[in-house]
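Below: one structure, written as structure tokens.
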Amino acid sequence: MPSAYALIDCNNFYVSCERLFAPRLAGRPVVVLSNNDGCVIARSEEAKALGVAMGEPYFRCRNLLRRHGVQVFSSNYTLYGDLSRRVMDLLRELEPEVEVYSIDEAFVRLPAAAPAELAEQGRRLRELIRRWVGIPVSVGIAATKTLAKVANRLAKQEPDHGGVFVLASASVDAVLAGVGVGEIWGIGRRRADLLRTHGLRTALDLKRGDDAWLRRRLTVTGLRTAMELRGVSCLTLAEAPAARHSVASSRSFGRLVSDRGELGEALISYLSLAAEKLRRQGLVAASLHVYLTTDRFQATTPQYSGGRTVILARPTGATPELIPPARRCLEALFRPGYGYRKIGVVLAGLSPAGMRQGELFASSGPAAAEALMEACDRVNQRWGRDTIRSGGAGLVRPWRNRREYLSAAATTNWAEIPVVTA
DNA sequence: TCTGGGGTCCTAGGACCC
DNA sequence: TCTGGGGTCCTAGGACCC
């Protein structure tokens, strides 16, 4: 290979994070639930062996989990985010070219070398991350990112690979023949179905697919995937994170909400979250989108969903300036008589706060709003989220979602730091 | 009773302009 | 009688990812 890509992927990441501060969970089945304790989004190997499916609704497997004494956690993104940062920081110390791809994955570019040597490098990264952060990872190495994904899957599947697998070009076809077309990175449910109805069942079939047909039916992204399987690198390493295009915040409610006032509280509350995220990244938004929807799983009740986008008078990240237009969106969208399950907000048209265009007819410039927001953010950072918040976000918040099995913020909050007793 | 949330990219189609 | 062609921008919707 001219140069190789390594994919470092944390094993069952959320579960590994929970186990880090609860060693008694080692070897025991553990699952982590999505927001609202909705469905299973991470499973330990023991939980997988019990037949708990990825994405399975919690209410449907609750009995099975209880019967087998499976330890259940709500998502603790504060904890996962911090441990992710530690893994990625270490990786960047060890390697010059790193792309953080997701909370639990990173691509690394390695100089060309013999497979045995690449495997040795993979083992080294794996061991250092295990020793210094405590999170187990798998490493897949190949000529392209898509093939590195395949290699990583094999590193995880076969215990005798020791968590590291190098997919050398000589063995690519034999390996791809054993990989289902739906398991390839970039091929989701719809495309997998389409490919199978046309007789392409394995990664090898896709690799040998007709370019014009792939381009037409799967767009350029599908063709790129096929090229990558052929060893032609089409996806390069993105070391600097790309500029964001949007910031969103939404939640499902703990119960259905029909009351306009409660919807408004939830909206302001999520809007505040999104605006805070925006300011933390030094951005302002030029447009705002609000959407709401009823419960799509209740086929028997009347369904309604809608969204509304407004262009803001001026780009801003100040919550008080965003609230009135957001309220107007809700007023336009709201239909009485429905049970709503979810409301959300998307801030888009993002640009750096410093580059904002001047205003022709400003009365009280954006400076005042900015200073206010800065002060609020500082207070909330020091004394905890929501110490200062918009009155419109509500105090009781009966619509709040569930997090019944939350673990401690063991690495980011002094009050929740683990205590060691001898 | 109970089914997550936050992103990206691509394409098609319409509006608009010269 | 005659009904171009090319370009840009925007939006909605689909598909995919973790």
Side-chain angles (χ1 to χ4, degrees), chain A residues 7 9-10 12-14 31-42 53-63 65-66 72-77 80-81 84 99-107 145-146 149 152 181-195 214-225 234-235 238 241-256 270 273-274 277-278 281 286-287 289 291 293-299 301 305-311 339 341-350 401-405:
Chain A
L7 174 64
D9 188 326
C10 300
N12 316 325
F13 182 54
Y14 297 169
V31 301
V32 177
L33 303 178
S34 66
N35 264 315
N36 214 21
D37 293 344
C39 37
V40 173
I41 55 167
M54 181 69 172
E56 196 171 356
Y58 177 49
F59 73 89
R60 214 176 276 161
C61 57
R62 181 182 285 150
N63 284 331
L65 299 180
R66 201 172 289 156
V72 176
F73 289 98
S74 303
S75 319
N76 183 347
Y77 289 107
Y80 313 151
S84 169
E99 172 191 352
V100 176
Y101 175 67
S102 73
I103 193 165
D104 67 338
E105 287 171 73
F107 286 102
K145 283 177 156 184
T146 304
K149 277 270 188 182
N152 193 285
V181 84
E183 298 166 45
I184 304 165
W185 188 42
I187 305 297
R189 260 275 294 286
R190 305 299 295 267
R191 287 180 178 182
D193 287 346
L194 177 73
L195 288 168
L214 291 171
R215 170 72 181 76
R216 187 158 43 85
R217 301 303 297 268
L218 304 185
T219 80
V220 292
T221 53
L223 179 55
R224 269 203 289 260
T225 298
C234 303
L235 306 169
R244 247 183 212 304
H245 295 147
S246 64
V247 167
S249 176
S250 71
R251 297 285 184 281
S252 295
F253 304 131
R255 58 162 171 75
L256 294 183
Y270 304 149
L273 272 178
K277 237 188 274 181
L278 194 67
Q281 297 175 48
S287 75
H289 177 81
Y291 64 93
T293 169
T294 51
D295 192 337
R296 64 197 164 101
F297 292 105
Q298 291 199 359
T301 63
S305 68
R308 204 117 205 127
T309 306
V310 291
I311 308 296
R341 172 57 73 190
K342 180 177 180 176
I343 193 164
V345 54
V346 183
L347 301 172
L350 308 188
N401 63 22
R402 287 179 295 272
R403 290 176 95 185
E404 284 182 42
Y405 317 102

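The structure displayed is predicted, hence computed values, not measured ones. In what follows, every chain begins at residue 1, and chains take the letters A, B, ... in the order their sequences are listed.
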Nearest-nucleotide check on DNA chain B, A:K277 vs A:R341; residue mapping nearer the 5' end is A:R341

Looking across every strand, which nucleic acid part, if any, lies under 4.0 Å from A:E404 by heavy atom: base, sugar-phosphate, or nothing?
-> nothing

Heavy-atom side-chain proximity of A:D104 to A:Y80 below 4.5 angstrom = no

Determine the contact category for A:S75: base if any of its heavy atoms lies under 4.0 Å from a base atom, sugar-phosphate if only primed atoms, P, OP1 or OP2 are that close, otherwise nothing.
-> nothing

Please work out if A:I187 contacts a base, only the sugar-phosphate, or nothing of the nucleic acid, heavy-atom cut-off 4.0 Å.
-> sugar-phosphate

Would you write out the dot-bracket form of DNA chain B, 5' to 3', with Watson-Crick and G-U pairs under 3.5 Å, [ ] for crossing pairs, | for pairs to other strands and . for unpaired bases?
-> ....||||||||||||||

Using the closest heavy atom to pick a nucleotide of DNA chain B for each, name whichever of A:D295 or A:S246 lands nearer the 5' end.
-> A:D295

Would you mind classifying the nucleic acid contact of A:V247 as base, sugar-phosphate or nothing, using non-hydrogen atoms under 4.0 angstrom?
-> sugar-phosphate

Within the structure shown, what part of the strands sits under 4.0 Å from A:R62 by heavy-atom distance: base, sugar-phosphate, or nothing?
-> base

A:K277 side chain vs A:A248 backbone, donor-acceptor pair below 3.5 Å = yes

Rounding to the closest angstrom, what is the interatomic distance between B:dC16 and C:dG4 at atom C1'?
-> 16 Å

May I ask you to say what A:Y58 touches in the nucleic acid, namely base, sugar-phosphate or nothing, with a heavy-atom cut-off under 4.0 Å?
-> nothing

Which part of the nucleic acid, if any, lies within reach of A:R215 when heavy atoms closer than 4.0 Å are counted: base, sugar-phosphate only, or nothing?
-> sugar-phosphate

Could you check whether A:E56 gets within reach of a base, just the sugar-phosphate, or nothing at all, counting any heavy atom under 4.0 Å?
-> nothing

Scan A:R60 against the nucleic acid and name what it touches under 4.0 Å (heavy atoms): base, sugar-phosphate only, or nothing.
-> base

Can you find a heavy atom in the side chain of A:V345 that is under 4.5 Å from one in the side chain of A:L273?
-> no

Pairwise side-chain contact, A:F253 with A:I343, heavy-atom cut-off 4.5 Å (strictly under) = yes

Is any side-chain heavy atom of A:V72 less than 4.5 Å from a side-chain heavy atom of A:L65?
-> yes

Reckon A:I184 touches a base, only the sugar-phosphate, or nothing at all at heavy-atom distances under 4.0 Å?
-> sugar-phosphate

Looking only at atom C1', what distance separates B:dC2 and C:dC18, rounded to whole Å?
-> 24 Å

Contact check, side chains of A:R191 and A:T221, non-hydrogen atoms, under 4.5 Å = yes

Side-chain contact, heavy-atom cut-off 4.5 Å: A:Y14 with A:I103?
-> yes

A:R341 and A:L256, any side-chain heavy atoms less than 4.5 Å apart | yes

Any side-chain heavy atom of A:N152 sitting closer than 4.5 Å to one from A:E105?
-> no

With a 4.0 angstrom cut-off to heavy atoms of chain A, pull out the first and last contacting nucleotide of DNA chain B, in 5'-to-3' order.
-> B:dC2 to B:dT11

